[in-house]
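Beneath this line is the structure, given in structure tokens, with notes to follow.
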Amino acid sequence: MAQRRFPVGVQDFESIIKDGFVYVDKTEYIYNLANNYGNAIFLSRPRRFGKSLLCSTLRHYFQGHKELFQGLAIEKLEEKWTEYPVFHFDMSQCKNDEPKGVEESLRSLLLGFEERYDCVGLESPTNYGDRLKRLIETAHKRTGNRAVLIFDEYDSPVLNVIDDPEKMKAIKSIYNSFYGPVKSMSDHLRFVLITGITKFSQMSIFSTINNLKNISFLEKFEGLCGITAQELEKNFKEDIGAMAATLRKPPEEIVQLLRRKYDGYHFGPGLVDVYNPFSIINAFDDHFLKDYWFTSATPSALIKILNKYNFKLTDIESKRVYESTFDQPFDNMKSALHILYQSGYLTIKDYDFERNVYTLGIPNGEVYSGLYNTLMPLYLNPSDEDNTSLLLAVQDAMIDDDIEAALTAVQSYLSALPYDLSNKTERDFETILKVLFDCLGIRTDTEVKNARGRCDVVMKNKSTIYVLELKISGTATVDDALAQIDEKNYLIPYWNDPRRKVKVGVVEWKTVES
């Protein structure tokens with residue numbers, strides 16, 4: 001059987017259909033979005049989650065390209081197939097981080113449409129809002145149909161300068177002018193879609209556009225981008241079988257591996273399971289499982305954000321937030337949580353309807369391992385070779401279920417590093433242990449609460465649960481550390497777990513287990 005073609009790097013709907021690439025039918029969503037849910041829509045999703053393909057599909061739908069939609073759900077829903085003038089602006093093309101460069105990109109984007117409708121030079125060449133307004137009016141007058149506006153990755157130019165407040169202010173000013181006419185042009189507009197990573201209210205760009213409907217958290221549109229669990233089962237059975245043959249594993253095990261590696265995203269209170277589409281199509285194309293999404297972009301901006309807000313890895317999971325957290329403007333950010341969520345490093349894990357509270361956590365194994373491996377140099381030696389040697393030594397010890405040998409390897413490594421921790425506290429060492437063992441796929445939790453106290457570190461592998469109490473400073477002994485584990489009943493939550501339970505006391509890196 002010939003391998004199916006997967007649209008790796010292909011974001012144009014027409015190319016996917018005409019060139020025979022695999023396409024997961026989202027056209028029922030498209031029809032409902034375009035006809036049943038207002039005419040000015042905003043959608044936030046992480047990078048490489050299908051926003052550009054959504055915009056392309058909507059463009060071809062509104063241009064009346066009926067032939068591209070044969071056999072898809074929308075074919076039975078749409079009867080008129082009206083051709084509208086569509087202005088599709090891909091703002092990710094404005095990659096320059098200088099205001100003048102952004103202006104030049106905007107000028108180029110507008111010029112192509114202006115030439116098509118013979119309205120070049122009718123307004124000031126630098127007043128982008130007036131140019132957009134004239135373009136919309138001209139298109140409506142000449143075609144007899146209202147225009148469609150699509151702004152894809154609207155926030156891309158601003159996110160490029162997220163760590164430079166002055167440039168951000170200048171670029172936002174340019175876009176305030178550009179987007180300004182959108183609300184006042186409602187009589188000339190059939191539909192408006194704006195997509196991005198960050199919520200539009202955070203950028204303070206659309207202060208004049210108060211008619212945007214934000215569908216980012218609505219249950220009916222949670223599966224609009226990405227691949228739902230039901231879509232995976234319906235559309236990829238033969239690909240799962242092909243991967244199973246390559247990896248010499250049964251298909252049901254492949255499904256579980258895919259779920260743990262790429263599933264786990266939720267974009268609203270309905271908690272609809274969504275797989276990362278970029279990783280899924282790459283995995284099926286390669287017949288292999290790698291960290292495709294995480295390694296597809298440099299996480300330097302993420303590191304800058306975590307450093308700026310003193311965000312610890314030990315703070316990253318099971319964070320409970322109000323919905324208002326997602327509205328924090330960039331000009332007055334107090335936390336990195338909403339950026340981590342919108343960027344795809346965190347997702348919604350639970351929702352409290354009564355209090356409108358979201359619980360955030362890491363979505364899946366790809367992000368989990370990628371996040372900790374990437375950020376490990378923040379806590380350890382930046383040398384990849386040294387880090388790899390340490391990980392292998394610790395991994396060998398843990399395969400043998402020898403926690404003392406593993407911690408001895410960590411002790412030897414840390415003693416040779418030519419730097420000081422900012423604070424030699426238990427929290428610093430907890431973070432180091434979490435980073436190391438999470439990188440090895442050993443689930444590690446810190447500051448684990450129970451009714452009697454808070455355990456420093458709990459590590460779990462397939463056969464053993466390790467409960468660690470750290471006494472890094474003072475005169476406490478290893479016996480004191482082990483006694484605290486007993487006194488505070490740190491093992492009680494795991495009594496019903498069939499795995500072996502091991503108490504570990506660590507005092508100035510002298511370790512005893514029992």
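What you see is a predicted model, and the numbers here were worked out from it, not measured in a lab.
The pair D155-K172 does not count as a salt bridge, with every side-chain nitrogen at least 4.0 angstrom from each carboxylate oxygen. Note on D239 versus R4: salt bridge recorded, some NZ/NE/NH1/NH2 to OD/OE distance being below 4.0 Å. A salt bridge is defined here as a Lys NZ or Arg NE, NH1 or NH2 lying under 4.0 Å from an Asp or Glu carboxylate O, and D291 with K261 meets this definition.
Remark: side-chain polar atoms of K51 are paired, donor with acceptor, to backbone N or O of P46 under 3.5 angstrom.
Ring-plane geometry between F267 and Y265 is classed as parallel, the angle between the planes falling under 30 degrees on a 0 to 90 degree scale with a further cut at 60. H65 and H60 have tilted rings, their planes meeting at an angle from 30° to 60° on a 0 to 90° scale.
The number of heavy atoms from other shown groups lying within 6.0 Å of NZ (K220) does not exceed 12.
For an aromatic pair to be called close, the ring centres must be under 6.0 Å apart, and Y23 with F6 fails this. For Y61 and Y84, the ring centers are positioned 6.0 Å apart or more. Separation of the F62 and W81 ring centroids does not fall under the 6.0 Å cut-off. Side-chain rings of F353 and Y351 approach one another, their centers coming within less than 6.0 Å. Ring-centre distance between F217 and Y358: below the 6.0 Å cut-off.
Judged as a salt bridge (charged side-chain N to carboxylate O under 4.0 Å, His left out), and not counting sequence neighbours, the contacts of R142 are D118. Applying the salt bridge (charged side-chain N to carboxylate O under 4.0 Å, His left out) test to E104 and every residue at least two apart in sequence or in another chain returns R107.
Considering every non-hydrogen atom in both F236 and E231, the closest pair reads CD1-O, 3.9 Å.
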